[in-house]
Amino acid sequence: FQNLGSVFLAATPDHWCHVPGLADNLYWTDEAKDFVFPKEVRQGKKGYTKCYYYDRDYADLFNYSTDLTTHSLITANQTAVPIVPCKDWIFDKSLYASTIVSEWNLVCSSRWLMSSVQATYMAGVLVGCLIFGFASDRWGRRKAMIVAQVIFCFSSIATAFAPHYLAFVFGRFFIAVAAPGVSGCGFCLSRCLYLQHYTEMLHNHGSYFSVTEVVSTKWRAVVGLSYQIPFGLGYAALPGLAYLFRDWPSLQLAMSVPSLLLLLSIWLVPESPRWLVTNGRYKEAIIILHKIAATNGNSLPSDDELQAMVKSFKKRFVVALVYYGLALNSPTLGGDPYIVVFLSGILEVPAYIIGFLVANKIGRRITYSITFLIAAALCFFIVVTPSGTMSITT
């Protein structure tokens with residue numbers, strides 16, 4: 001939710017310049033617009049500007065009647081009329097009751113502020129990777145994850161009450177800093193959900209600790225890829241949540257409250273046995289392994305034999321850039337943004353399933369190489385496709 005929430009939180013609704021002395025009407029006739037707004041070329045098409053208007057005394061000109069649609073306009077020499085920048089805007093509320101764009105007028109000369117929202121978030125992810133990568137190696141996966149979860153929960157909820165743009169950006173930044181600690185450390189520790197395979201692995205003396213911490217080679221691809229399926233389901237659920245909560249503070253809060261469930265891991269998730277082993281804390285690792293075995297009804301070798309085994313065990317930038325570049329701009333495909341984002345998310349689920357089936361069959365290296373080549377070809381196809389030739393309609 002948080003990674004892709006800006007698709008809706010920072011959406012730019014249809015909007016028009018508020019002109020002093022005139023009624024706020026997004027649907028003036030073209031005759032009226034010609035009299036009020038200059039034209040400009042945007043994306044190769046000529047249209048009315050949303051950033052400037054002709055500086056006239058409209059209230060006096062129309063005898064203090066402010067509805068241009070009721071008047072027959074007289075052709076005027078527009079070149080002699082000064083053009084001034086807009087200071088306020090009217091936003092269409094048919095799709096969104098409010099977004100941060102409509103809340104703080106992040107359009108025209110302030111548009112770059114909206115663009116920096118996701119850039120700041122990604123910068124936070126980078127900082128979080130560095131901080132929690134070091135912390136999880138230094139003080140343990142579990143401690144790093146719990147600290148990240150507390151920061152994540154507090155920051156995400158506090159952001160919903162941001163009184164101004166800077167507070168919102170700082171809130172999202174700290175959410176992003178915590179996110180790698182939640183997901184990265186959780187990626188290692190969540191392997192404890194696969195305890196059956198792990199205790200069988202130890203009982204049969206037949207495998208070794210890997211980067212997945214607690215699963216054998218046989219299950220590594222399945223576990224690694226299936227771990228991403230909830231991400232795809234959450235991605236698909238996001239537009240439904242945004243449809244129910246049309247104003248950005250409510251949506252941010254709705255995305256954040258479920259994260260409080262993460263704090264249950266304080267009582268439920270043990271430390272990574274592999275991390276304990278690599279730091280020489282063999283007895284603690286063995287205690288956890290015994291608990292795992294008891295949970296699954298399995299038995300382990302004697303402590304001396306197990307400790308000897310455990311001691312022997314001691315002996316992702318471009319992809320994210322492309323993925324989020326596509327995901328965050330999916331609404332620009334056209335059509336209803338809620339449907340477009342839902343389809344983008346739900347299609348990830350079969351992709352993950354097919355991915356781990358193919359990876360188990362032909363290996364991860366070949367699978368990654370083939371899928372990267374296909375993705376590159378499709379990205380190139382998007383680039384060379386003329387604007388406006390494809391859209392999704394509902």
Side-chain angles (χ1 to χ4, degrees), residues 1-6 9 100 117-193 211-214 227-228 230-231 233-235 237-238 241 245 248-276 278-279 281 284-285 287-288 291 316 320 324:
F1 286 168
Q2 301 295 343
N3 282 1
L4 299 168
S6 63
L9 295 172
I100 65 167
V117 169
Q118 193 61 28
T120 304
Y121 187 90
M122 288 304 177
V125 171
L126 176 60
V127 173
C129 287
L130 297 174
I131 292 175
F132 287 102
F134 170 79
S136 63
D137 285 341
R138 179 67 178 83
W139 294 292
R141 316 285 197 238
R142 183 175 178 273
K143 289 180 181 178
M145 185 181 70
I146 290 173
V147 171
Q149 288 172 344
V150 171
I151 296 174
F152 187 88
C153 293
F154 176 79
S155 299
S156 58
I157 292 175
T159 300
F161 302 96
H164 48 74
Y165 169 80
L166 281 179
F168 178 85
V169 170
F170 273 109
R172 293 279 295 172
F173 176 80
F174 283 108
I175 294 171
V177 169
V182 174
S183 60
C185 298
F187 181 78
C188 298
L189 292 174
S190 67
R191 305 305 173 241
C192 292
L193 297 174
V211 294
T212 55
E213 306 285 294
V214 295
Y227 178 79
Q228 297 297 327
F231 183 92
L233 294 175
Y235 186 3
L238 176 61
L241 201 64
F245 299 94
W248 77 263
S250 298
L251 176 58
Q252 176 64 36
L253 196 61
M255 294 192 305
S256 304
V257 169
S259 65
L260 293 173
L261 294 173
L262 293 171
L263 300 179
L264 292 175
S265 62
I266 295 174
W267 298 277
L268 298 177
V269 178
E271 183 54 88
S272 162
R274 182 180 186 274
W275 181 83
L276 292 171
T278 56
N279 285 272
R281 296 163 62 173
E284 294 174 64
I287 291 173
I288 292 176
K291 290 180 180 179
R316 111 182 135 77
Y324 284 106

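Every value quoted in this text rests on a predicted model; they were computed, and no experiment measured them.
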Less than 4.5 Å apart, any side-chain heavy atom of M122 and any of L126? no

Those residues that, when tested against Q149, pass side chain to side chain donor-acceptor pair (under 3.5 Å) (two or more places apart): S265

Heavy-atom pair with the smallest gap, counting every atom of A176 and P180: O-CD, 2.9 Å

Return yes if a side-chain donor-acceptor contact under 3.5 Å exists between T159 and Q252, otherwise no. no

Measure from the ring center of W139 to the ring center of F134 and say whether it is less than 6.0 Å. yes

Among side-chain atoms of Q2 and S259, is any donor-acceptor pair under 3.5 angstrom? no

Residue pairs fulfilling ring-ring contact (aromatic ring centres under 6.0 Å, His included) with at least one residue in residues 152-171, sequence neighbours excluded: F168-W248

Holding to side chain to side chain donor-acceptor pair (under 3.5 Å), I want the full list of residues that pass it with S250, two or more places apart in sequence or in another chain. D247

Shortest non-hydrogen contact from I151 toward F174: CG2-O, 3.9 Å

Separation between OG of S6 and CZ of R172, rounded to the nearest 0.5 Å: 5.5 Å

Could you tell me the separation between the OG1 atom of T120 and the CD1 atom of I175, rounded to the nearest 0.5 Å? 12.5 Å

Shortest non-hydrogen contact from S155 toward G171: CB-O, 3.9 Å

L262 side, atom CG; C153 side, atom SG - distance, nearest 0.5 Å: 5.5 Å

Looking only at side-chain N and O atoms, does Y235 offer a donor or acceptor that is under 3.5 Å from a partner on N3? no

